[in-house]
Number of protein chains: 2
Amino acid sequence: MDTPQPEHLKSAGLKSTLPRLKVLDLFQRGQERHMSAEDVYKQLLADGESVGLATVYRVLTQFAQAGLLVRHNFEGGKSVFELNEGTHHDHIVCLQCGHVEEFYDSAIETRQKKVVSDLGFAIQDHSLHIYADCTKTKCPNRR
Amino acid sequence: MDTPQPEHLKSAGLKSTLPRLKVLDLFQRGQERHMSAEDVYKQLLADGESVGLATVYRVLTQFAQAGLLVRHNFEGGKSVFELNEGTHHDHIVCLQCGHVEEFYDSAIETRQKKVVSDLGFAIQDHSLHIYADCTKTKCPNRR
DNA sequence: ATGCAAATGAGAACGATTATCATTTGCATC
DNA sequence: GATGCAAATGATAATCGTTCTCATTTGCAT
Ligand SMILES: [Mn+2]
Ligand SMILES: [Mn+2]
Ligand SMILES: [Zn+2]
Ligand SMILES: [Zn+2]
């Protein structure tokens with residue numbers, strides 16, 4: 001573990017425990033940006049930093065509630081988490097390789113608010129997931 | 001059951017069986033537009049048209065693959081299906097009452113394509129789910 | 001160092017969905 | 001209309017992601 005930052009936990013009203021520090025550190029190291037509970041569990045194991053799976057689930061949920069992480073539900077039935085850096089963005093998921101690309105487009109965001117308020121709703125949240133095939137070299141499975 | 005239409009099944013390469021006709025008819029009657037497997041199962045039971053739950057799951061998946069239905073994964077962990085009427089639309093889900101409202105906005109659609117192709121992806125599909133609170137009278141739980 | 005509420009971890013339980021497999025059905029052929 | 005057979009069904013078991021339970025451990029204030 002590199003640089004544990006208990007301040008983040010304390011300020012979120014969560015007491016600074018070893019499992020929480022390990023999970024937070026894993027996201028802060030940033031090797032993988034979007035991770036499922038299983039991803040986190042296995043990565044910690046691989047790093048020799050074992051934490052119970054139930055605890056991983058609990059901690060991820062707490063972190064999401066505390067605003068340290070953001071939870072996403074892509075296709076595939078498992079929740080995926082990422083560090084919350086304060087700025088909203090949406091996601092493109094490559095159907096070939098699973099790679100996740102982030103983007104933000106203010107025209108889309110603005111338009112969403114308008115459309116929804118015109119329909120008489122007060123928007124709380126939204127998820128925009130685009131499923132696509134990479135055409136750039138970044139995709140290992142590209143044609 | 002009102003007016004079974006085996007043609008739809010045949011043209012989809014699915015043979016016309018009683019359970020399939022019952023499920024298709026339920027969607028075509030249109031009482032509820034967006035239904036989960038459990039919704040379908042229970043509604044058929046209530047109509048005195050019992051079909052095994054496993055069959056409901058199988059048939060819904062087959063219909064979605066055949067393009068008769070569209071599958072959505074809203075928050076809540078269960079798949080929801082609706083009749084495929086050929087025209088794409090997105091969804092607003094009321095956080096208070098669960099009511100689902102549909103909308104289509106060509107500005108959003110166009111912008112999505114542009115953003116994604118600029119990033120070097122070939123867009124295949126997308127899901128835009130907006131979570132909101134009703135402010136109109138249509139919401140039974142409204143403030 | 002002590003005490004204790006809060007957190008952890010192993011495993012059971014759960015809800016949604018899929019797989020298994022013996023029985024039934026649609027439907028083509030006679 | 002009867003026959004045959006591959007395909008479909010339905011009861012149930014199994015699977016998967018996630019949450020719950022509860023005995024044990026830990027952070028931290030005293
Ligand atoms: Mn992201
Ligand atoms: Mn719809
Ligand atoms: Zn790719
Ligand atoms: Zn509502």
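Letters A, B, ... are given to chains in the order of the sequence lines, protein chains preceding strands, and every chain is numbered from 1. Basis for what follows: all heavy atoms, side chains included, without hydrogens, waters or symmetry-related copies. Please read these numbers as outputs of a predicted model, since none were measured by experiment.
- In this structure, A:T17 reaches the sugar-phosphate backbone alone: every heavy-atom distance under 4.0 Å involves primed, P, OP1 or OP2 atoms, never a base.
- Residue A:Y41 contributes atom OH, which lies 16 Å from atom P of D:dC16 at whole-angstrom precision.
- A straight line from CG of A:L60 to C1' of D:dG17 spans 13 Å, rounded to a whole angstrom.
- Nucleotides of DNA chain C lying under 4.0 Å from heavy atoms of chain A occupy a range whose first and last members, 5' to 3', are C:dA6 to C:dG11.
- In this entry the distance linking CE of A:M35 with C1' of D:dG17 reads 18 Å, nearest Å.
- Both distances falling under 3.5 Å, in either a Watson-Crick or a G-U wobble arrangement, place D:dA29 opposite C:dT2.
- For A:H126 and A:H88, the ring centers sit closer than 6.0 Å to each other.
- For the pair B:R71 and B:S79, the tightest heavy-atom approach, listed with the atom from each and the gap, is NH1-OG, 3.0 Å.
- Distance, A:D39 CG to D:dC16 P: 16 Å, rounded to whole Å.
- Taking for each of B:G76 and A:V51 the nucleotide of DNA chain C with the nearest heavy atom, the 5'-most of the two is the partner of A:V51.
- The shortest side-chain heavy-atom distance between A:L26 and A:L24 does not fall under the 4.5 Å cut-off.
- Distance CD (A:E38) to P (D:dT19): 14 Å, rounded to an integer number of Å.
- Atoms NZ (A:K78) and P (D:dT18) sit 7 Å apart, rounded to a whole Å.
- Contact annotation for B:R20: backbone-only contact, meaning every heavy-atom pair under 4.0 Å involves sugar-phosphate atoms and none involves a base.
- Nucleotide D:dT24: paired with C:dA7 (Watson-Crick or G-U wobble, both distances less than 3.5 Å).
- Side-chain proximity of A:T61 to the nucleotides D:dT18, D:dT9, D:dT19 is greatest for D:dT19.
- By the 4.5 Å heavy-atom criterion applied to side chains, A:H34 and A:H91 are counted as neighbours.
- Evaluated for a side chain to side chain donor-acceptor pair (under 3.5 Å) with A:H89, the options A:E109, A:E102, A:E101 yield exactly one hit, A:E102.
- Atom CD of B:E49 is separated from atom P of D:dG10 by 12 Å (rounded to the nearest Å).
- Using a 4.5 Å heavy-atom threshold, the side chains of B:N84 and B:L68 count as separate.
- Nucleic acid contact for B:S36: none, since no nucleic acid atom lies under 4.0 Å from a heavy atom of the residue.
- Taking atom CG of B:L53 as the reference point, atom P of D:dA11 lies 10 Å away to the nearest angstrom.
- The 5' end of DNA chain C is approached more closely, in terms of each residue's nearest nucleotide, by A:R58 than by the other of A:R58 and B:R71.
- The aromatic rings of B:H72 and B:F74 lie parallel to each other, their planes meeting at an angle below 30°, with 60° marking the opposite boundary.
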